[in-house]
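The block underneath contains the structure these notes are about, expressed in structure tokens.
The shown structure was predicted, so the numbers you read here are calculated from the model rather than taken from an experiment.
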Amino acid sequence: MDFNMKKLASDAGIFFTRAVQFTEEKFGQAEKTELDAHFENLLARADSTKNWTERILRQTEVLLQPNPSARVEEFLYEKLDRKVPSRVTNGELLAQYMAEAASELGPSTPYGKTLIKVSEAEKRLGAAERDFIHTASLSFLTPLRNFLEGDWKTISKERRLLQNRRLDLDACKARLKKAKAAEAKATLWNDEVDKAEQELRVAQTEFDRQAEVTRLLLEGISSTHVNHLRCLHEFVKSQTTYYAQCYRHMLDLQKQLGSSQGAIFPGTFVGTTEPASPPLSSTSPTTTAATMPVVPTGAALAPPEEAALCLEEVAPPASGTRKARVLYDYEAADSSELALLADELITVYSLPGMDPDWLIGERGNKKGKVPVTYLELLS
């Protein structure tokens, strides 16, 4: 019992001494041991890593789950170490509504048939989104959380310990200074100075040891950056896969809708929808190639009767021609296609039975098939 009381009294005395030293430093009434420039740089780098990791983590969570209530629910499940219940994605919910609407409004009607087709596409988009969220969470969010909840907590603990060791060291320096001043006035015995010097040596040793431990942990931030870089590549890879799947699903849906549109709305100009992607400059071939949409070659898309089409015999229809601006450079796959340069203007039109993803393009005395996704159709 006496031992515990003495320990509590000792801890209280140490805490009080540190508090006094810290307060006097703040008011400029006590000297402070400064860390070297390299150590300060390591501290600043670690703080920046922690702050930006938190911000990137939070915004990625918003990207993957825009619903704040759902994010809070998932957080609580994780803290309780329970499995997060499976949640229907927005695409899957939309697919369900469309399927139910088609069933009630008539699945054999043109509108009902289209609802069913779009419903199936939205369901595939929802499944792709679910896979993307799962992959991104494992490969990107989990490592970021592990750093903040593991390595960073260890670093913070050792930094607080280093701060305490520094306060103890500076308090010992202050006591030794006072002891020497009292000795000079012959008001203090030499053994008091010896005691202060011994305390200072112990405090210096503990401070140096703790500074080395903290420094090693801070230098480990470089390994953290390497790990986060690897995770970032995985995140980009999963996001690329997700958007490629979405593009393929919507391209298939567009083909299905385009093939039935002519029967429902005869005379409609096929492929009049402007592409969602903004116009890109063709000044950088590398950038253009990296951002160019993946479109199958003409031979893969064109039906047999169109592949045998003689372009010299093709004449533009009396009505239905339009001007189009080229969004991206396009290299013709064969003689039936027309090569394109970004930002040039061409005349385009569709022919009966032609694949809805392609148009006939004319530039001067040259003509050939051109992909719709490479064009911005002008009114």
Side-chain angles (χ1 to χ4, degrees), residues 1-55 144-228:
M1 197 63 180
D2 292 339
F3 173 78
N4 291 335
M5 293 297 295
K6 289 180 180 179
K7 186 176 185 306
L8 289 174
S10 176
D11 292 342
I14 292 174
F15 177 80
F16 178 76
T17 301
R18 290 171 179 169
V20 170
Q21 177 66 26
F22 182 80
T23 303
E24 290 180 350
E25 289 175 359
K26 287 297 182 182
F27 287 98
Q29 299 173 353
E31 296 181 0
K32 176 182 177 181
T33 299
E34 299 292 344
L35 301 169
D36 60 72
H38 175 64
F39 206 108
E40 291 290 353
N41 288 336
L42 290 176
L43 289 172
R45 187 163 176 253
D47 287 334
S48 294
T49 300
K50 179 255 185 182
N51 293 335
W52 283 110
T53 299
E54 285 182 334
R55 295 176 68 176
L144 297 187
R145 290 197 190 100
N146 289 343
F147 165 72
L148 293 173
E149 297 175 3
D151 294 349
W152 181 253
K153 285 187 176 180
T154 301
I155 291 174
S156 299
K157 177 184 175 182
E158 297 300 330
R159 286 176 66 174
R160 288 193 297 270
L161 191 56
L162 177 63
Q163 171 77 342
N164 291 336
R165 294 287 181 261
R166 186 196 63 74
L167 291 172
D168 294 342
L169 174 63
D170 289 335
C172 289
K173 289 180 179 179
R175 283 198 296 270
L176 178 60
K177 186 176 181 180
K178 291 178 182 178
K180 287 185 176 180
E183 182 186 39
K185 294 180 181 179
T187 60
L188 193 68
W189 297 102
N190 288 334
D191 58 345
E192 292 295 330
V193 176
D194 294 339
K195 179 181 178 182
E197 289 178 341
Q198 175 63 23
E199 291 177 348
L200 177 60
R201 284 192 293 271
V202 173
Q204 184 71 58
T205 300
E206 293 180 348
F207 172 77
D208 292 341
R209 183 185 300 113
Q210 185 59 38
E212 180 64 16
V213 171
T214 308
R215 181 184 65 81
L216 292 174
L217 287 173
L218 293 173
E219 289 178 345
I221 291 292
S222 296
S223 299
T224 299
H225 287 185
V226 172
N227 183 44
H228 288 183

Shortest non-hydrogen contact from [X] toward [Y]:
{"X": "Ala203", "Y": "Leu169", "value": "CB-CA, 3.8 Å"}
{"X": "Glu219", "Y": "Arg215", "value": "OE2-NH1, 2.6 Å"}
{"X": "Ile155", "Y": "Ile221", "value": "CD1-CD1, 3.9 Å"}
{"X": "Glu199", "Y": "Cys172", "value": "O-SG, 3.7 Å"}
{"X": "Leu43", "Y": "Leu35", "value": "CD1-CD1, 3.9 Å"}

Main-chain N/O of [Y] paired to [X] side chain as donor or acceptor, under 3.5 Å:
{"X": "Asn51", "Y": "Asp47", "answer": "yes"}
{"X": "Glu158", "Y": "Gln210", "answer": "no"}
{"X": "Asn227", "Y": "Ser223", "answer": "no"}

[atom1] of [X] to [atom2] of [Y]: how many Å apart, nearest 0.5 Å?
{"X": "Arg18", "Y": "Asn164", "atom1": "CZ", "atom2": "CG", "answer": "4.0 Å"}
{"X": "Gln204", "Y": "Glu206", "atom1": "CD", "atom2": "CD", "answer": "10.5 Å"}
{"X": "Thr33", "Y": "Lys173", "atom1": "OG1", "atom2": "NZ", "answer": "3.0 Å"}
{"X": "Leu217", "Y": "Arg159", "atom1": "CG", "atom2": "CZ", "answer": "11.0 Å"}
{"X": "Arg45", "Y": "Thr224", "atom1": "CZ", "atom2": "OG1", "answer": "9.0 Å"}
{"X": "Leu218", "Y": "Asn41", "atom1": "CG", "atom2": "CG", "answer": "11.0 Å"}

Using the side chain to side chain contact (heavy atoms under 4.5 Å, CB included) rule, pick out the option among Asp168, Leu167, Leu162 that qualifies with Phe207.
->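 With Phe207 as partner, Asp168, Leu167, Leu162 yield a single side chain to side chain contact (heavy atoms under 4.5 Å, CB included), made by Leu162.
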Steps toward side chain to side chain contact (heavy atoms under 4.5 Å, CB included) verdict (Arg166, Glu34) = CA-CA 9 Å; Arg166 186 196 63 74; Glu34 299 292 344; over 6 Å; no
Judged by modelled atom types alone, do Arg201 and Gln198 share a side-chain donor-acceptor pair under 3.5 Å?
->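 Yes - a donor-acceptor pair under 3.5 Å links their side chains.
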Regarding Ser156 and Lys50, is there a side-chain donor-to-acceptor distance under 3.5 Å anywhere?
->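 No, Lys50 and Ser156 have no side-chain donor paired with an acceptor closer than 3.5 Å.
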With a 4.5 Å heavy-atom cut-off, do [X] and [Y] have their side chains touching?
{"X": "Lys195", "Y": "Arg175", "answer": "no"}
{"X": "Phe22", "Y": "Asp170", "answer": "no"}
{"X": "Glu212", "Y": "Asp208", "answer": "no"}
{"X": "Thr53", "Y": "Trp152", "answer": "no"}
{"X": "Glu197", "Y": "Leu176", "answer": "yes"}

Counting only heavy atoms not in Glu31, do more than 12 sit closer than 6.0 Å to its CD atom?
->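 Check fails, neighbour count at 12 or below.
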